[in-house]
2 protein chains.
Amino acid sequence: MKNPIEHLNKIFDSRIRLGIMSALVVNSSVNFNELKELLDITDGNLASHLKTLDEAAYIKFQKGFIGRKTNTTYSITKTGEKAFKQHLEALEKMIGAVK
Amino acid sequence: MKNPIEHLNKIFDSRIRLGIMSALVVNSSVNFNELKELLDITDGNLASHLKTLDEAAYIKFQKGFIGRKTNTTYSITKTGEKAFKQHLEALEKMIGAVK
DNA sequence: AAAAGCACTTTGTAATACAAAGTAAATACT
DNA sequence: AGTATTTACTTTGTATTACAAAGTGCTTTT
């Protein structure tokens with residue numbers, strides 16, 4: 001057996017970033033407040049994790065409006081989808097013998 | 001969709017502890033140096049993660065000898081196996097829609 | 001004009017990770 | 001006998017990360 005963790009993506013060590021990514025994989029776009037409620041975290045904390053993911057080019061955002069209220073929606077990028085899937089595959093491989 | 005991350009176990013956020021657990025799930029017992037080589041980390045770092053897992057009662061250890069050299073082997077506890085499997089199930093559920 | 005909502009940024013603190021060095025107990029070399 | 005080596009740590013120090021709370025700028029609602 002060789003190193004099982006070397007293919008895990010450090011960005012996805014964080015449970016919150018995992019949660020964000022899984023929400024964005026399933027839903028084509030999710031807005032700030034939906035994510036905040038979904039993950040039950042403060043807005044500052046959410047913003048900082050979104051920033052990390054954005055800097056990695058794993059997500060993108062679009063500022064818009066719902067009616068007259070500002071509304072920022074987030075979605076996953078190709079890069080992000082690829083990285084996330086690779087991480088999941090590495091996880092699966094690592095724990096494959098378990099179930 | 002409700003909070004996807006609330007059932008994730010914080011102890012398993014760490015890639016190294018994930019690696020230790022996955023090694024121990026697959027192999028009935030693994031010694032210190034095997035783990036160290038497998039995960040490619042320093043002994044101090046490994047010891048501290050083992051301590052965290054031991055304090056959670058997820059692993060147990062047994063001090064012994066190979067020939068005349070000291071040898072500490074680690075294995076998973078019932079509690080640890082249960083917690084790990086629950087974590088994996090939570091992960092699967094979270095990302096189930098992906099693959 | 002005041003209050004509230006949105007999506008942040010900034011600030012400060014606490015927790016965590018990690019390498020490196022130190023330690024203890026035993027064995028192995030010279 | 002004395003020194004070195006190995007194992008499995010513990011301790012120490014530093015850097016990174018997480019997070020809450022407070023503050024900001026813009027807009028809308030009252």
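Chain letters run A, B, ... following the sequence lines, proteins first, then strands; residues in each count from 1.
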With a cut-off of 3.5 Å and sequence neighbours excluded, list every side-chain donor-acceptor pair involving residues 37-47 of chain B.
from	atom 1	to	atom 2	distance (Å)
B:Thr42	OG1	B:Asn45	N	3.4
B:Asn45	OD1	B:His49	NE2	3.2

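- To the nearest angstrom, P of D:dT7 lies 14 Å from CG of B:Leu35.
- Note on A:Lys63: a side-chain N or O is less than 4.0 Å away from OP1 or OP2 of C:dC8.
- Separating the CD1 atom of A:Ile20 from the P atom of C:dA7 is a distance of 14 Å, rounded to the nearest angstrom.
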Handout entry: Contact letters for nucleotides 24-30 of chain C, in which S counts primed atoms plus P, OP1 and OP2 and B counts the base, heavy atoms under 4.0 Å
Key = ---S---

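- Taken from CG in B:Leu88 to OG in B:Ser22, the straight-line distance is 9.0 Å, to the nearest 0.5 Å.
- B:Lys36 places its NZ atom 16 Å from the P atom of C:dC18, with the value rounded to the nearest Å.
- Taking atom CG of residue A:Asn31 and atom P of nucleotide C:dC6, one finds them 9 Å apart after rounding to whole Å.
- Distance, A:Glu55 CD to C:dC8 C1': 14 Å, rounded to whole Å.
- B:Asn31 is linked by a side-chain contact (heavy atoms from CB on, under 4.5 Å) to B:Asn33, B:Glu34, B:Ile66, B:Asn71, B:Thr73, counting only residues two or more places apart in sequence or in another chain.
- Put simply, OG1 on A:Thr52 and OH on A:Tyr58 are 11.5 Å apart, with the number rounded to the nearest 0.5 Å.
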Fill in the blank from the handout: Readout for nucleotides 15-21 of chain D: B = base within 4.0 Å of protein heavy atom, S = sugar-phosphate only, - = neither; 5' to 3' it is ---SSBB

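- Here the CG atom belonging to A:Leu8 is positioned 11.0 Å from the NZ atom belonging to A:Lys93, to the nearest 0.5 angstrom.
- Within 6.0 Å of atom CD in B:Gln62, 12 or fewer heavy atoms from other residues, nucleotides or ligands are found, so the atom counts as exposed in its surroundings.
- Not one side-chain nitrogen or oxygen of A:Asn33 sits closer than 4.0 Å to the OP1 or OP2 atom of C:dG5.
- Residues that satisfy the side-chain contact (heavy atoms from CB on, under 4.5 Å) test with B:Lys63, not counting sequence neighbours, are B:Phe61, B:Thr72.
- The nearest whole Å value for the distance from the OH atom in A:Tyr74 to the P atom in C:dA7 is 7 Å.
- Separating the CG atom of B:Leu46 from the C1' atom of D:dC9 is a distance of 10 Å, rounded to the nearest angstrom.
- Salt-bridge annotation for B:Lys85 and B:Glu81: present, with a side-chain N of the basic residue lying under 4.0 Å from a carboxylate O of the acidic one.
- Residue pairs satisfying the salt bridge (Lys or Arg N to Asp or Glu O under 4.0 Å) criterion with at least one member in residues 10-19 of chain A, sequence neighbours excluded, are listed as follows: A:Asp13-B:Arg15, A:Arg15-B:Asp13.
- Look at NZ on B:Lys51: it is 16 Å from P on C:dC18, rounded to the nearest Å.
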